[in-house]
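Order of the sequence lines fixes the chain letters, A, B, ..., with proteins taken first and strands second; residue numbering starts at 1 for each chain. Note that the coordinates shown come from a computational prediction; the quantities given were computed from them, not determined experimentally.
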2 protein chains.
Amino acid sequence: MALDERARHLLKSLIEQHIANGIPVGSRQLAKGAGLKISPATVRNVMADLEDEGYLISPHTSAGRIPTHVGYRFFVDALLRVVPLSPQSHHLLVQRIGHHIPDTEQVLHAATEVLSELTHMAGFVRVPRRANRTLRHVDFLALREKEVLAIFVTDKGDVENRLIRTEHALSAAELHQAANFFNESYGGRPLQEVIQQLQRDLQQSRHEMDRILRSAMELGEEMLEEDQQRMLIEGEFQLLDLPELAGSERLRELLNAVRQKRDLVHLLDGSMRGSEVRLFIGEESGFAPLSDCSVVSAPYEVDGEVLGVLGVIGPMRMPYQQIIPLVDGTAHLLGRALSQS
Amino acid sequence: MALDERARHLLKSLIEQHIANGIPVGSRQLAKGAGLKISPATVRNVMADLEDEGYLISPHTSAGRIPTHVGYRFFVDALLRVVPLSPQSHHLLVQRIGHHIPDTEQVLHAATEVLSELTHMAGFVRVPRRANRTLRHVDFLALREKEVLAIFVTDKGDVENRLIRTEHALSAAELHQAANFFNESYGGRPLQEVIQQLQRDLQQSRHEMDRILRSAMELGEEMLEEDQQRMLIEGEFQLLDLPELAGSERLRELLNAVRQKRDLVHLLDGSMRGSEVRLFIGEESGFAPLSDCSVVSAPYEVDGEVLGVLGVIGPMRMPYQQIIPLVDGTAHLLGRALSQS
DNA sequence: ATTAGCACTCGAGATGGTTGAGTGCTAAAG
DNA sequence: CTTTAGCACTCAACCATCTCGAGTGCTAAT
């Protein structure tokens, strides 16, 4: 059953009031705040309807009402007018993640931080996937007897390294040669492809030098696997201040979940399609520790290709109309910043 | 004024009881628990003395007594018999940070984790200082027009990299030549020395290639500076469960302080001298957010040289007799593991 | 020096009353 | 048929009060 104009207006007003001060909204207050010439009794009737529809709930018999996640969902989908990003915020964003920082890792960090700072919630950035990076350079260094340091560099300047133990000591010349061979054979090709090729090439060989290549391949695999998990998070502790989560039991779970990242990453990777801001309100995420929280995320892209997702985690009761453009803007600026690095 | 035998015994018993169950200990219970043939009244007299001396304090008039940080200090210094590390724990430690992991970073992580797991508190490892590492290898790669990736490798296999923007495009050959020059001139020398030398060498020059070297030098400086701060921490959230810190206000501060690391690192670096386990009990650390906590730390060393510190952060009321050998043992095993990598 | 006895203190928890915000329902008014 | 006023009712929050039990400090007897 669709809501009529008045009900929508009241719902909107109620949610806005609740977002503003966090306490349940009663009929009298809502009647006043909504600006309609309507008595509290009428408002009560409407509220009862809204509760029947699942948009509102009463924490207890005489405590006014608060929105459910369904209510918030309707609010953001149908009632919310997103305000444009404030010039100050925009300025701050540009300043912090603007184009002058060359290092990818640093830009990502800056974005995470600024998200957390501006929202006073937890900010996150899912790091760019490296799967389709190409291999720029490989180096093998003899660190010590029977220890070789392998270094991988991608075209975007990601560097990853790993210590490999060998059976026999290998001379610098041999290693140099191996590296040359590696660079010539596999350089300039996508990482994923390199690994697959290596897997084929090394199928049966058992030479000592091939053991190095095999280890190198494993390093490459680790790089890919590792970034299944990689996500920057900042300001988790801001969540400690949220009165709605103060019951320490849930909070622990939430913080641990955020820390583990695994499920979170999974959730977010699901929202990489499309290039719009996306919201998970309360239980919508289907992820229990987040059921009291909302996640606002937006993918960021470079040259039309989505590289990752960023956003914030906060209470369901958050100022969506400001958070949404902020996350959106950050995603755009990050994409822009990365396109230059 | 020195404590007589009985007073010491009672103090020990009281602290042990309090550590075991966390509630203030009253005279009756203490008289029973201490195993002495002594009445609660007598115990009360002794307790009053101990309170006068500053070892105990009453949370309120009728609530038994709990140890002060002075009491704990006396306890660990004079009364505590450290039990040897349990075989199970030892086994677990060996398993987790034993010698089979080649990668330094991974070993350090494993140590941090296992500390946190076994103690149910926050575990930390201060990473080895790189100042006296020697420079093993430098590479300059042209990633793109006017962008050079500099890679530093130390003799221990630390790898650090940085993107450098240049004014003009530089050919692969030029960069190769620069790297060769760099490696020949500065390779094999301690990082610190390299930087100082570079500072002198680059004093007045303004060549484009020297700009690269200068940036490389800054990278080296960053490496040194960065590890002023580097510290691994795991399990901070376990601190959320401590009832004694449950007052969220302090807890926030504590978690933030742990996160910031700066002061913590400072505190710990002060305890790098000596090779013994060291305790900071409550306010002893002189660091306000830690004033309800104790820090148990031990330096770890390789070939007689102290590389860093590790330990745990927990409530003052922790089972020192087990924690101390655990931290100690972890430090030894970590040292051993690192000596082989 | 130790102990028993006793009055006293204080927090924790239960009890109960009051207040005020808010509700649902009903009946009257528009 | 919608809106509104009125009213009885509910319930959390607050407060005061009470009891309880654990624990103390002091004193006098052992």
Side-chain angles (χ1 to χ4, degrees), chain A residues 1-11 13-15 17-18 20-68 71 243-244 246-247, chain B residues 1-11 13-15 17-18 20-68 71 243-244 246-247:
Chain A
M1 158 180 146
L3 301 178
D4 66 7
E5 188 50 44
R6 193 179 61 183
R8 295 158 63 107
H9 181 80
L10 285 174
L11 179 58
S13 183
L14 184 149
I15 295 184
Q17 282 190 44
H18 180 66
N21 57 27
I23 56 181
V25 184
S27 56
R28 176 205 304 272
Q29 180 145 45
L30 182 55
K32 216 179 298 172
L36 299 178
K37 292 254 165 278
I38 248 179
S39 82
T42 312
V43 171
R44 280 204 285 283
N45 290 330
V46 179
M47 285 166 96
D49 291 345
L50 288 170
E51 184 161 2
D52 288 343
E53 304 289 325
Y55 297 114
L56 300 179
I57 195 169
S58 240
H60 60 83
T61 317
S62 73
R65 286 171 170 100
I66 59 176
T68 63
E244 38 256 275
Chain B
M1 158 182 151
L3 302 178
D4 66 8
E5 188 49 43
R6 193 179 60 181
R8 292 158 65 109
H9 181 80
L10 285 174
L11 178 57
S13 183
L14 185 149
I15 295 185
Q17 281 192 45
H18 182 251
N21 57 28
I23 56 180
V25 184
S27 56
R28 177 204 303 270
Q29 178 143 46
L30 183 54
K32 215 177 302 173
L36 299 178
K37 292 252 166 277
I38 244 177
S39 82
T42 311
V43 171
R44 282 204 284 282
N45 288 332
V46 178
M47 284 166 96
D49 291 346
L50 288 170
E51 182 161 3
D52 288 345
E53 303 289 326
Y55 296 114
L56 301 179
I57 194 168
S58 240
H60 60 83
T61 317
S62 72
R65 287 173 170 96
I66 58 176
T68 62
E244 37 255 278

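- Counting heavy atoms of neighbouring residues, nucleotides and ligands inside a 6.0 Å radius, atom CD1 of B/Ile57 does not exceed 12 of them.
- Screening A/Leu30, A/Ile15, A/Leu56, A/Thr42 against A/Leu10 for a side chain to side chain contact (heavy atoms under 4.5 Å, CB included) leaves a single residue, A/Leu30.
- Atom CD1 of residue A/Ile66 and atom CD1 of residue A/Ile23 lie 12.0 Å apart, to the nearest 0.5 angstrom.
- Of the side-chain N and O atoms in B/Arg28, none sit less than 4.0 angstrom from OP1 or OP2 of D/dG21.
- B/Gln29 places its CD atom 7 Å from the P atom of D/dG23, with the value rounded to the nearest Å.
- A sub-4.0 Å separation between OP1 or OP2 of D/dC11 and a side-chain N or O of A/Thr61 is present.
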Checklist entry - Which is it for A/Leu50 and A/Leu3 under the side chain to side chain contact (heavy atoms under 4.5 Å, CB included) test, yes or no, and what are the steps along the way? => result CA-CA 9 Å; A/Leu50 288 170; A/Leu3 301 178; 3.9 Å; yes
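- If you take CD of A/Glu51 and P of C/dC25, they are 11 Å apart, rounded to a whole angstrom.
- Distance, A/Lys37 NZ to D/dA5 C1': 17 Å, rounded to whole Å.
- Taking side-chain N and O atoms only, A/Ser27 has a distance below 4.0 Å to OP1 or OP2 of C/dT23.
- Across C/dT3, D/dT24, D/dT4, the shortest atom-to-atom separation from the side chain of B/Met47 is found for D/dT24.
- When the side-chain nitrogen and oxygen atoms of A/Arg44 are compared with OP1 and OP2 of D/dC7, none of them lie within a distance under 4.0 Å.
- When the side-chain nitrogen and oxygen atoms of A/Ser62 are compared with OP1 and OP2 of D/dA12, none of them lie within a distance under 4.0 Å.
- Between B/Arg6 and C/dA1 there is no side-chain N or O to OP1 or OP2 distance below 4.0 Å.
- Straight-line distance from the CG atom of A/Asn45 to the C1' atom of C/dG22: 14 Å, rounded to whole Å.
- Taking atom CG of residue B/Leu14 and atom P of nucleotide D/dG23, one finds them 11 Å apart after rounding to whole Å.
- When each of B/Arg65, B/Lys32, B/Arg44 is paired with B/Ser27, the side-chain hydrogen bond (donor to acceptor under 3.5 Å, both in side chains) condition holds for B/Arg44 and for no other.
- Look at NE2 on A/His60: it is 15 Å from P on D/dT10, rounded to the nearest Å.
- Residue B/Ser39 has no polar side-chain atom (N or O) positioned under 4.0 Å from OP1 or OP2 of C/dT2.
- Straight-line distance from the CZ atom of A/Arg65 to the C1' atom of C/dA21: 13 Å, rounded to whole Å.
- Rounded to whole Å, the distance from CD on A/Glu5 to C1' on D/dT2 is 18 Å.
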